[in-house]
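Structure first, commentary second.
None of these values were measured; they are calculated from a predicted model. Chain letters run A, B, ... following the sequence lines, proteins first and then strands; every chain starts at 1.
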Protein chains: 2
Amino acid sequence: MSTSAESYHHGDLRTALIGAGLSALEGPDGATLSLRGLARTVGVSATAVYRHFPDKRALLAALAGEGLRQLGESQAAAAQAAGGGAKGFAASGRAYVRFALAHPALFRLMFSQGNPADFETRENDLARDLLSEMTLELTGNPVAAERMAHQAWAIAHGIAMLMLDGRLPAEPALIDELLDTDALFFGSTPKAATTTDR
Amino acid sequence: MSTSAESYHHGDLRTALIGAGLSALEGPDGATLSLRGLARTVGVSATAVYRHFPDKRALLAALAGEGLRQLGESQAAAAQAAGGGAKGFAASGRAYVRFALAHPALFRLMFSQGNPADFETRENDLARDLLSEMTLELTGNPVAAERMAHQAWAIAHGIAMLMLDGRLPAEPALIDELLDTDALFFGSTPKAATTTDR
DNA sequence: CCTATAAAGTCAACGCCGTTAACATAGCGC
DNA sequence: GCGCTATGTTAACGGCGTTGACTTTATAGG
């Protein structure tokens with residue numbers, strides 16, 4: 001009865017806090033959201049938060065979990081829209097980076113927690129499951145699939161992070177180019193290199 | 001005369017602060033270093049810091065710059081020890097990830113600043129220059145070199161970050177496997193999943 | 001040599017933060 | 001109807017980054 005509609009005392013504080021937290025993460029200075037500030041925007045005393053979360057970390061973990069869920073949804077939708085298969089796989093990779101660029105503070109939060117076990121649950125782990133499924137489908141080999149999953153995750157995550165940090169320009173064309181699995185490293189080596197023409 | 005030996009009032013505070021900051025970043029809870037705490041360990045009043053850095057961000061930027069310099073050194077050393085060429089390139093990639101795992105808080109700090117321009121200087125940008133040189137040497141083509149550099153950076157960075165966050169196990173064998181340029185994605189799989197496009 | 005000036009450091013204070021303890025209130029089960 | 005428990009409040013603590021007004025010290029110039 002803690003997480004239902006809106007009834008008793010003030011409303012559903014837990015849900016309200018998470019909502020406020022998510023929207024605070026969207027604005028500028030989303031990197032520095034404070035427990036007190038959050039309580040203020042929800043219109044509640046600072047210490048009321050502690051009835052729903054043991055401490056700030058727990059609140060952040062909940063936000064990260066929600067972000068993870070949304071990321072999984074985005075990727076799944078993108079993969080399906082692209083018609084699955086290799087196209088879908090590539091689309092889910094682009095969706096990963098796009099999500100990071102669209103929600104920088106949330107994305108950073110999702111990957112700066114102590115240990116993922118605090119908020120990675122069966123339900124919000126869609127992204128991970130999807131990745132496993134897709135690579136298995138593409139390779140047909142569990143061992144190769146796992147390596148492919150790891151490498152794909154790493155490169156998408158690397159691109160996302162470097163762009164968020166301003167180390168790489170956050171241009172859509174660059175995302176596509178770097179994620180292009182046909183052109184990875186030497187894939188198109190000698191002459192090819194001319195792929196960039198456009 | 002602000003950054004020289006050690007002479008006048010207290011010593012070279014700026015250098016001392018950076019040293020203390022770097023060593024604080026090595027310990028646990030290095031993620032939460034405080035200006036006051038740093039001043040305390042150096043044996044100086046909290047506000048003395050402001051004679052050398054306009055604010056905390058500037059101090060952190062200085063630490064990040066120093067970290068960047070060290071990272072470049074590590075990579076250059078590893079590349080040279082491996083004899084340059086493709087071997088050297090692979091070695092520098094491993095060194096990148098190893099550095100991240102060896103100095104988690106420092107590495108995170110290096111890649112969570114607002115904009116890199118604040119601390120990326122000609123002298124500490126060794127890592128970036130090295131990467132450009134190596135990929136150009138390997139491809140012989142400026143365009144291909146740049147893409148290779150971006151992709152290599154992204155995958156190394158992704159591996160490092162995911163391991164730091166506990167999303168991937170931080171095992172040396174896995175680092176090697178994921179960085180293996182010959183086995184990237186479909187490199188070693190038969191049918192290569194035929195990504196089709198293009 | 002001695003003094004003006006500016007660099008380097010100190011102290012007190014402000015407002016914000018996360019968190020704890022003690023207290024108030026409202027809804028539900030018996 | 002009563003008590004229990006979930007939910008919320010107020011007051012307070014210590015720590016933080018930062019500012020302003022002050023003190024000390026090194027050094028440069030007459």
Side-chain angles (χ1 to χ4, degrees), chain A residues 1-21 23-25 27-64 105 108-109 112-114 118-119, chain B residues 1-22 24-25 27-64 105 108-109 112-114 118-119:
Chain A
M1 64 178 60
S2 58
T3 320
S4 58
E6 41 144 328
S7 42
Y8 33 90
H9 215 160
H10 227 107
D12 192 341
L13 224 196
R14 185 186 160 95
T15 303
L17 283 171
I18 292 184
S23 78
L25 283 174
D29 64 299
T32 64
L33 57 80
S34 79
L35 208 140
R36 291 175 104 111
L38 223 47
R40 228 177 284 129
T41 74
V42 169
V44 90
S45 134
T47 55
V49 179
Y50 288 85
R51 299 296 159 189
H52 300 270
F53 301 94
D55 55 14
K56 189 186 184 184
R57 274 186 56 83
L59 210 189
L60 295 182
L63 293 175
R108 272 211 174 87
L109 177 64
S112 62
Q113 294 292 116
D118 288 349
F119 58 99
Chain B
M1 65 177 60
S2 57
T3 318
S4 56
E6 42 142 328
S7 42
Y8 35 92
H9 214 160
H10 227 107
D12 193 340
L13 223 196
R14 184 186 161 94
T15 303
L17 283 172
I18 292 185
L22 287 177
L25 283 174
D29 63 300
T32 65
L33 58 81
S34 79
L35 207 141
R36 291 176 105 111
L38 225 47
R40 229 176 286 130
T41 73
V42 169
V44 91
S45 135
T47 55
V49 178
Y50 289 84
R51 299 295 158 189
H52 300 270
F53 301 95
D55 54 15
K56 189 186 183 184
R57 274 186 56 82
L59 211 187
L60 294 183
L63 293 175
R108 272 212 174 88
L109 177 65
S112 62
Q113 294 291 117
D118 289 349
F119 58 98

Original post:
If every non-hydrogen atom of A:G30 is compared with every non-hydrogen atom of A:L25, which pair is closest and at what distance?
Top reply: O-CD2, 3.2 Å
Original post:
Any side-chain heavy-atom pair from A:L33 and A:L60 closer than 4.5 angstrom?
Top reply: yes
Original post:
Which one, D:dG17, C:dT19, D:dT9, comes nearest to the side chain of A:V44?
Top reply: D:dT9
**OP:** Return the value, rounded to whole Å, for the distance between atom CZ of B:R40 and atom C1' of C:dG9.
**Re:** 17 Å
Original post:
Rounded to the nearest Å, what distance is computed from the CG atom of residue B:L38 to the P atom of nucleotide D:dG15?
Top reply: 17 Å
Original post:
Counting just side-chain N and O atoms, does A:H52 come under 4.0 Å of either OP1 or OP2 of D:dA6?
Top reply: no
Original post:
Do A:F53 and A:L35 have side chains that get closer than 4.5 Å, going by heavy atoms?
Top reply: no
**OP:** Using atom OH of B:Y50 as one end and atom P of D:dC22 as the other, report the distance to the nearest whole Å.
**Re:** 20 Å
Subject >> Sugar-phosphate only, base, or nothing, as touched by A:S45 at under 4.0 Å among non-hydrogen atoms >> reply: base
Original post:
Between A:T47 and B:A48, who's closer to the 5' end of DNA chain C by nearest nucleotide?
Top reply: B:A48
**OP:** Rounded off to whole Å, could you give me the CG-to-C1' distance for the B:L17 and C:dG9 pair?
**Re:** 12 Å
Original post:
Which heavy atom in A:R14 sits nearest to a heavy atom in A:A62, and how many Å separate them?
Top reply: NH2-CB, 4.3 Å
**OP:** Starting at atom CZ of A:R51, determine the distance to atom P of C:dA26, rounded to an integer number of angstrom.
**Re:** 16 Å
Original post:
In whole angstroms, how far is the P atom of C:dT19 from the CZ atom of A:R36?
Top reply: 11 Å
**OP:** Could you tell me the separation between the CG atom of B:L35 and the C1' atom of C:dC16, rounded to a whole number of Å?
**Re:** 16 Å
Original post:
Could you give the NZ-to-P distance, from B:K56 to D:dG17, as a whole number of Å?
Top reply: 4 Å
